[in-house]
Number of protein chains: 2
Amino acid sequence: MAIRPAEQLIHKAAWLYYAHGLRQDQVASQLNISRASVAMYLRKARETGIVNISTSTQLFTDDVMARRLEDALGLDAVWIAPENSHVPDPSTDIAVLAASVFLELVKKGDRIGVAWGRTIYTIADVMSYADLQDVTVVQLCGNLGAPYSYRPDQCTMEIARRLNAKGLNFYAPLVLSTEELARALRAEPVIREQLSDISDCDLALYSVGAVDADSHLVKCGALSSGEMAELRSRGAAGVIAGQIIDAEGKVLDCSYNRRVISAELASLRAIARRLMVVQEDSKFEPLLAAIAGGLCTHLVVGAHMAQRLLDHAGAAPKKAP
Amino acid sequence: MAIRPAEQLIHKAAWLYYAHGLRQDQVASQLNISRASVAMYLRKARETGIVNISTSTQLFTDDVMARRLEDALGLDAVWIAPENSHVPDPSTDIAVLAASVFLELVKKGDRIGVAWGRTIYTIADVMSYADLQDVTVVQLCGNLGAPYSYRPDQCTMEIARRLNAKGLNFYAPLVLSTEELARALRAEPVIREQLSDISDCDLALYSVGAVDADSHLVKCGALSSGEMAELRSRGAAGVIAGQIIDAEGKVLDCSYNRRVISAELASLRAIARRLMVVQEDSKFEPLLAAIAGGLCTHLVVGAHMAQRLLDHAGAAPKKAP
DNA sequence: CACGGCTCTCGACAAAAGTCAAATTGGGAT
DNA sequence: ATCCCAATTTGACTTTTGTCGAGAGCCGTG
C-alpha cells in the first residue's frame, strides 16, 4: 500500500467532495480507494484547513445591544455571546464565538500579535483549522515559567498551528527580578527587534486580567497576593499582556511594570485591529480600564457583561457629545 | 407554526451545528424542533452563505506548470484545472475551479466587475453561496438582447445573488446601429457614470471570446458571420466585454467597436485584480491577445491550454530578459 | 531474513443526515 | 367569519457517512 497518502490525494478528495459535490462513494471510485479512506481523508482535510467551514458571525453583531455598545464605547465592532443559550458547555461559548470572529478578521499576509491567558488558550483550543500560509503569529510578551499550560509561547504556537501559519516566539521571561536586568534585556538586539516589530502587526488578540489573588501573575509567582493587593490600592485596574494598567488604561507607575518584558501599550495601540475577548463577568473593571486606554477596537463579551457595560456607559456617558 | 423561520433560527442552528459541532438531533432538542427541520435549516444556511464551505485552491497553483506560466506570462497567479481528471462532467471542471478561485479573491467591501458569456454564466451557476453584504457586482458592458440565457445582466445578477451582494445593472444595448447613437448614449449621465465607475472596481471577472461564426456576437445578431470574417481578416483576435481586440490586445479600429457600449479597456486595466477564465481550447489566440493587452492578472485555464501557452511562451519568449 | 513497529487500507456495522408525503398552521382573500 | 393557499413542520423511511478492528505493505533493525 501507499507510503504516504500524499497531501495531493487528500486535496483531490476534498476537491471532488466539497467543490464538485460528489458523494463519498463516488469520490472513492474516482480515486480507486475505499469509501472508508475517503471519509478519513476528508476528516484530515478539515483538520488541516484544506477545507474551511465557517459560519458567519453576523448574527452576533446584528444584535441591537451590540450596536448600542459600539456607539456607546466607540468601538469598531462588538459581538455578544448569548448566555441564556442552551449550549451544553456555556463557558466555552464566548471562546467559540471569539475564535470565529478572529478567523473572520484574519487576512492573508497578516501579522498577528497574541497575548496569553486562559481565555486565549481556550480560544486557540476551539479554533478550527485554516490554511493561511503567509500569516505570522507573534508573541506579545515574555514567558511566564512553569505550572501553566497556557503560557504565552504555547498560546502563540497553538494558534499558529491552527492557522498553518508561522509562529514567532519570544524567549525572555515576562518578569525579571530587578529593573536593571529588565532594562538590559530589553536592550538586547534580539529582544528589542521583536518588541519594536510588534507595532507592525495588523491584528492583535488578547484578553484582560483581573488584579486579584486569582490572577495568573499571582499563581505563577510573579507577584505575591500581598503585592497585588497593594498595587490594587495604588490604582491597578487590570492586566494587559502582563502589564498592570490603571483605570484610565495607562501603565501603572510601579516597580513590577518596570521589570516586565512585554509590548508597550503604544505599540499595541498602533495595531489597527485589536480584538479583546473577556469571558469572566468579574473582569468588568479591568475591561473598562482597557477600553478607556484605547486598547481594544473589537470586542467579544457575554450578554451579561454587555449589559453591564451598557448600563455603565449610559450612567456615565462619554464626555463630548 | 412560525410565520418566518426567522433567519435567526437558521443562524442559530448553523451556529450550534457547525461552530459547536453538535449533532443535528442535539441541535433539534436545544431548539425544540424536529431533526428534519434542523436538516432543512442547515441546507438553507449553506444556500444563503450563512455557513461557508470552501476548499483551498492551493493544489492548482502549486502545480509546477502554473508557476512556470506565471513567470512566462508575467501574471500574478495561474490555476490549472487537470483535464485527465475522472470527474463526471469535465466541462464544468474549469468553471468549478474558477468559482472557487473567484470566491477566494473577493474581499469584503469589494466592487466587482463582471462581463458575460457562457463561461461566466457557468461559473455563476456552480458558484457556492456566500454572505458578502457590502460587495457590489457591476456589469461591465451593455446588454445583448434576446435568445441567450446568459445575458450580461443575468450574469451580474446571478453572481450578486450568490454572494448576497448588490447587483448594479446597466440598461443599455451592447451594440447600437449607428456610431452617433452610441456616442449620444455614452454621453447620457446615467450611462457615463456607470462606465466611468468601472475603473473603481477591485476585481474583474471575464472570459475572452473567439472571433468566429460561433461567437455570441454572431449568434445574437450583433454581427453577421460575414462581418465577423472581415473583421478577422483585418486583425481581430478576440472579444473582451463585447469589444473586438487585435492580437496586441488593443481595441480594433472599426465601426462595430465604435457602436458598442462597454467598459473601456483602460478602465479594465485599472482594476487591480483581473481574473480571466478560459474554457475552450479554441480560444488560444484570443487569450494570447488578451494577455498581450494586459487584460488579465489572474488566469484559470485547463491543462491543455496551459501547455499550449507554455510552448508558445517558450518559443517566443518575452522581449527583455 | 525474519521480526516488530508503523501507517495506511479495507469491509462491515452503527450512527447520522437527507428526503418525502402528509399534516398543520397562519395570513390574506372572499 | 370562513375558506383557501402557501409555507413550514413533522415522523417515518432511505441513503449517506463515520468508525472500528482486522489485515496488509513498508521500513529499519537485530
Whole-Å distance between [N] [atom2] and [X] [atom1]?
X	N	atom1	atom2	result
B/Ile33	D/dG11	CD1	P	12 Å
A/Asn32	C/dC10	CG	P	9 Å
A/Met40	C/dC8	CE	C1'	6 Å
B/Asp25	C/dA15	CG	P	12 Å

Review item, side-chain donor-acceptor pairs of residues 300-307 of chain A, under 3.5 Å, at least two apart:
residue	atom	partner	partner atom	Å
A/His304	ND1	A/Asp281	OD2	2.5
A/Gln307	NE2	A/Asp311	OD1	3.0

Legend entry - Residue pairs involving residues 119-133 of chain B (criterion salt bridge (charged side-chain N to carboxylate O under 4.0 Å, His left out); sequence neighbours excluded):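 Passing the test, one end in residues 119-133 of chain B: B/Asp125-B/Arg162.
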
Legend entry - Side chain B/Gln194, main chain B/Asn169, donor-acceptor under 3.5 Å: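 A pair under 3.5 Å: yes.
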
By nearest atom, which of the nucleotides [options] is closest to the [X] side chain?
X	options	value
A/Ser37	D/dG18, C/dT9, D/dT8	C/dT9
B/Gln24	C/dT9, D/dT8, C/dG18	C/dG18
B/Ala36	C/dA12, D/dG18, D/dT10	D/dT10
A/Tyr17	D/dT9, D/dT17, D/dT10	D/dT17

Legend entry - Helix axis bend for the helix from C/dC1-D/dG30 to C/dT30-D/dA1 - C1'-based end axes, five pairs, 10° rounding: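 About 20°, once rounded to a multiple of 10°.
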
Inset, instruction - Report which part of the nucleic acid B/Leu42 touches: base, sugar-phosphate, or nothing (heavy-atom distance under 4.0 Å, all strands). - result: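 It contacts nothing in the nucleic acid.
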
Measuring to OP1 and OP2 of [N], would you say a side-chain N or O of [X] lies under 4.0 angstrom away?
X	N	answer
B/Ser34	D/dT9	no
B/Arg46	C/dG18	yes
B/Tyr41	D/dT9	yes

Inset, instruction - Report the relative orientation of the aromatic rings in B/His11 and A/Phe60; use parallel for angles under 30°, tilted for 30 to 60°, perpendicular for over 60°. - result: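 The rings of B/His11 and A/Phe60 stand perpendicular, inter-plane angle above 60°.
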
Inset, instruction - Under the ring pair (Phe, Tyr, Trp, His ring centres under 6.0 Å) rule, collect the residues that match up with A/Trp116, sequence neighbours excluded. - result: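 A/Trp116 satisfies ring pair (Phe, Tyr, Trp, His ring centres under 6.0 Å) with A/His216 once adjacent residues are dropped.
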
Inset, instruction - Sequence neighbours left out, what passes side-chain hydrogen bond (donor to acceptor under 3.5 Å, both in side chains) with A/Asp76? Give chain and number order. - result: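 In terms of side-chain hydrogen bond (donor to acceptor under 3.5 Å, both in side chains), with neighbours along the sequence ignored, A/Asp76 is linked to no residue.
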
Legend entry - Partner set under side chain to side chain contact (heavy atoms under 4.5 Å, CB included) for B/Asp202, not counting sequence neighbours: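 In terms of side chain to side chain contact (heavy atoms under 4.5 Å, CB included), with neighbours along the sequence ignored, B/Asp202 is linked to B/Asp110, B/Arg111, B/Arg273.
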
